[in-house]
J.: 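One structure is given below, represented as C-alpha cells, and several questions about it will come after.
These numbers come from a predicted model, not from an experiment. Heavy-atom basis, side chains included; hydrogens, waters and symmetry copies ignored.
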Amino acid sequence: MIMPWEEDRICEDCQYWNGGEYHTTCVGCRGGYYWHPAEVDLNVIDYSAKADNGKPRPTLVPPSLIRAVTAIREYGCQKYHDPENWRKVEPQRYQDALYRHWLAYLEGEVNDPESGLPHIWHCACNIAFLIEMEEV
C-alpha cells in the first residue's frame, strides 16, 4: 500500500512505485520521474539532451534469452565455420528444426544430444532466424 507521503515517488507515466527510493528516471518504464518537488531544481535538469520516450527499449529483453541464442549461434559457428551461412537456408528447415527441438523439450529431454545445449535454446535461435527472415 502506498502511503500519502509516498505518492510523489510514483512514476507519472506508468504509475510504478519504486519502493521509496528516489530516482530521476523510472525503473519500471524508463520514463516518468520519481522526485519530490521540493528536492529537485527543475531548471538544472535538461530533458531535451536525451529524448527517448516512445523508442524501443531492448533492455526489456531478458538477458537469459540473449545468452541462449548467443550460445546456439556460437555452437553453429564452430560447426559450420561461417557466421552468416544460416541466411542461405530455407525457412522450412528452421521450422522443422524448431518443431523437432520443441517436441524433444515437451517429451522431457532437456539437452540436445548433439550440441549438449538445451532444446529450448535451439528453439529460441530457430525462432530468431525465422523472425529475421520474415523482416527481410
Side-chain angles (χ1 to χ4, degrees):
M1 177 176 182
I2 299 171
M3 303 308 287
W5 60 86
E6 297 171 324
E7 289 178 12
D8 55 313
R9 297 181 191 137
I10 297 173
C11 175
E12 56 196 38
D13 288 347
C14 72
Q15 302 303 306
Y16 178 84
W17 181 64
N18 70 339
E21 297 176 12
Y22 286 100
H23 297 284
T24 56
T25 303
C26 176
V27 295
C29 73
R30 302 281 188 236
Y33 305 98
Y34 287 117
W35 55 54
H36 189 288
E39 295 180 2
V40 177
D41 181 358
L42 298 179
N43 296 319
V44 174
I45 301 172
D46 180 9
Y47 295 102
S48 64
K50 182 74 175 126
D52 50 7
N53 277 347
K55 292 182 181 177
R57 294 173 33 220
T59 54
L60 292 176
V61 178
S64 56
L65 175 64
I66 295 169
R67 284 192 294 272
V69 173
T70 300
I72 299 300
R73 292 286 289 125
E74 287 176 347
Y75 170 77
C77 289
Q78 289 174 356
K79 183 176 179 180
Y80 299 110
H81 310 292
D82 178 3
E84 295 301 314
N85 74 329
W86 67 271
R87 296 179 187 277
K88 302 171 188 170
V89 178
E90 58 275 6
Q92 182 64 47
R93 293 183 60 197
Y94 291 119
Q95 293 169 0
D96 289 338
L98 171 61
Y99 273 94
R100 285 192 302 272
H101 286 290
W102 182 243
L103 289 173
Y105 173 78
L106 290 177
E107 291 169 351
E109 186 175 275
V110 177
N111 292 333
D112 175 61
E114 182 182 344
S115 70
L117 298 169
H119 284 292
I120 197 122
W121 293 11
H122 283 277
C123 290
C125 190
N126 282 299
I127 289 172
F129 287 160
L130 291 168
I131 289 171
E132 183 68 17
M133 290 176 160
E134 288 283 323
E135 288 190 8
V136 175

J.: Applying salt bridge (Lys or Arg N to Asp or Glu O under 4.0 Å), name anything that partners Lys55, two or more places apart in sequence or on another chain.
T.: none

J.: Give me the atom names and distance for the closest heavy-atom approach of Leu130 to Leu98.
T.: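 Looking at all heavy atoms of both residues, the closest pair is CD1-CD2, 4.3 Å.
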
J.: Show me, pair by pair, the donor-acceptor contacts under 3.5 angstrom made by side chains of residues 61-73, not counting sequence neighbours?
T.:
from, atom 1, to, atom 2, distance (Å)
Thr70, OG1, Ile66, O, 2.7
Arg73, NH2, Pro83, O, 2.8

J.: How about CD on Glu90, more than 12 heavy atoms from neighbouring residues, nucleotides or ligands closer than 6.0 Å, or not?
T.: yes

J.: Who are the side-chain hydrogen bond (donor to acceptor under 3.5 Å, both in side chains) partners of Glu107, not counting sequence neighbours?
T.: none

J.: Report the residues that fulfil side-chain contact (heavy atoms from CB on, under 4.5 Å) with Glu135, sequence neighbours left out, ordered by chain and then residue number.
T.: Ile131

J.: Taking only residues at least two apart or on different chains, which pairs with a member in residues 74-85 satisfy salt bridge (charged side-chain N to carboxylate O under 4.0 Å, His left out)?
T.: Lys79-Glu114, Asp82-Lys88, Glu84-Arg87

J.: Name all pairs fulfilling the ring pair (Phe, Tyr, Trp, His ring centres under 6.0 Å) condition that reach into residues 58-92, sequence neighbours left out, sorted by first residue then second.
T.: Trp86-Phe129

J.: Using 0.5 Å steps for rounding, measure from the CG atom of Asp112 to the CZ atom of Arg100.
T.: 10.0 Å

J.: May I ask you to check whether Tyr99 and Trp102 place their ring centers less than 6.0 Å from one another?
T.: no

J.: Which other residues end up in the same hydrophobic cluster as Leu103, if Ile, Leu, Val, Met, Phe, Trp and Tyr are linked when side-chain heavy atoms come under 4.5 Å apart?
T.: none

J.: Would you give me the side-chain donor-acceptor pairs under 3.5 Å for residues 116-125, sequence neighbours excluded?
T.:
from, atom 1, to, atom 2, distance (Å)
His119, ND1, His101, ND1, 2.9
His119, NE2, Glu109, OE2, 2.5
His119, NE2, Asn111, O, 3.3
His122, NE2, Ser115, OG, 2.8

